[in-house]
Amino acid sequence: MGLRADIDALMGRARTDLAELVAIPSVADPRQFPPRECTRAANWVVDRFAEVGFTGLSLRETSDGSNAVYGVRPCADPDAPTVLLYAHYDVQPPLDEAEWSTPPFALTEVNGRWYGRGAADCKGNIVMHLTALRALGDDIPVNLKLIVEGSEEQGTGGLEDFVERHPGLLKADTILVCDTGNAAVGVPAATVTLRGLANVVVTVGALAGEVHSGMFGGPAPDALAALIHILSSLRDRAGNTTIAGLDNTRTWTGAPYPDAQFRADAGLHDGVALLGDGTVADMLWARPAVTVLGIDCPPVVGSAAAIQPRARARLNLRVPPGTDAAKAQDALITHLHAAAPWGVRVTVEPEALGQPFEARTGGPAFRALAAAMHESYGREMATLGQGGSIPLCNVFASTYPEAEIILIGVEEPLAAIHAPNESVDPAEIARMAHAEALFLRHYRG
Ligand SMILES: [Zn+2]
């Protein structure tokens with residue numbers, strides 16, 4: 001039998017595995033689910049990877065209290081390259097259970113897709129790894145290492161810190177970060193860039209306290225109006241982000257993101273325009289984008305006829321590859337001060353900062369993966385960006401500057417990761433497992 005036939009024969013097992021794993025509500029937030037659920041999921045990962053020849057499997061506590069599963073699978077040839085397989089076993093909370101058409105923690109098939117929290121992100125990728133390894137059996141000509149994180153969705157940085165403290169444990173020639181996906185079902189892709197981010201909180205002060213809008217409105221400076229004025233300077237009429245000193249004209253050179261697909265994926269209302277004068281891919285993956293995350297001001301109910309003495313907003317700036325996130329944050333802060341009208345007092349507190357990421361695409365692992373994807377899918381592999389960030393990739397890149405870091409997985413747009421009614425297409429698990437198996441068989445560094 002060929003690899004593909006072996007994988008098809010393993011898909012029943014893949015479904016059983018995914019059903020067992022989805023049934024464990026491994027949300028790494030003790031306020032929502034007991035920590036023993038995460039421990040159960042971690043132990044499940046240990047047991048399954050022991051079956052495919054991993055040794056030294058153990059739970060490694062990280063600085064945020066979560067446990068990462070670590071193990072190794074050396075091959076007979078000591079000179080063979082080492083591939084680190086990454087995934088995470090924790091999941092997003094189910095959110096509003098009333099929004100789910102199927103129970104979030106019971107894998108359920110509807111119209112050929114498998115629904116459940118984590119079915120794609122990232123338990124589907126764990127099952128993808130297992131299916132690839134089962135298909136290969138003993139015929140794996142590379143050294144393997146495994147790291148399955150337990151708090152990825154919390155953003156608490158346990159594994160990032162672990163990598164920096166134990167660089168020898170995870171050292172590899174190639175790192176397969178399997179927590180992304182294809183452009184669409186059946187369209188193979190590697191994610192090669194991630195945007196960074198720079199958050200700030202801007203506070204505007206104008207008056208000692210609230211004053212009556214009838215007695216003072218007109219000449220009295222209104223802090224909320226000043227804040228609105230400042231915020232409106234961050235975009236032009238077309239919707240381009242316009243922060244002085246930040247290039248907003250770059251273009252994306254990888255696969256396009258078709259307008260109609262983006263409109264559907266984002267849930268745009270009819271008649272509402274896409275922003276900016278670039279393509280969707282330019283705006284999403286190659287240019288800065290600012291979002292107002294929150295504003296402190298009186299809510300409508302309970303508001304009075306008063307002029308606001310102070311107001312503040314929390315801003316999120318997505319930083320494209322090629323731009324330093326700290327410089328982008330500085331540019332945003334300078335812009336906010338310069339845009340303030342009427343001499344109001346402006347203070348800006350920097351918050352989170354994360355650098356953008358750009359994978360190297362010229363190495364042997366990337367070429368081997370592209371060939372494996374082509375063979376599995378019967379079409380050329382595309383390169384995608386991702387608008388969000390994965391801080392772990394930056395830590396891998398700085399800790400292992402020689403390593404090739406490749407982002408792939410089963411999380412295509414229909415998977416609705418992080419939303420109610422998350423699902424995975426089992427055909428994507430099969431094709432991606434096939435591609436991963438081909439890659440591991442043919443990649444020799
Ligand atoms: Zn994920």
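Numbering of ligands and ligand atoms starts at 1, following listing order.
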Handout entry: From Tyr400, Phe396, Tyr86, residue fulfilling side chain to side chain contact (heavy atoms under 4.5 Å, CB included) relative to Ile405
Key = Phe396
Problem - For Tyr257, the option from Asp282, Thr279, Asp265 that meets side chain to side chain donor-acceptor pair (under 3.5 Å) - result: Asp265
Handout entry: NZ or CZ of Arg48 within 45° of Trp44 ring axis and under 6.0 Å
Key = yes
Fill in the blank from the handout: Closest non-hydrogen contact found for Glu428 with Asn182 is OE1-ND2, 2.7 Å
Fill in the blank from the handout: Among N, O or S atoms, His88 approaches the Zn ion (ligand 1) most closely through NE2
Completion exercise
In Asp121, the N/O/S atom nearest the Zn ion (ligand 1) carries the name OD1
Problem - Metal proximity, Cys122 vs the Zn ion (ligand 1), N/O/S cut-off 2.8 Å - result: no
Problem - Any N, O or S atom of Asp179 closer than 2.8 Å to the Zn ion (ligand 1) - result: yes
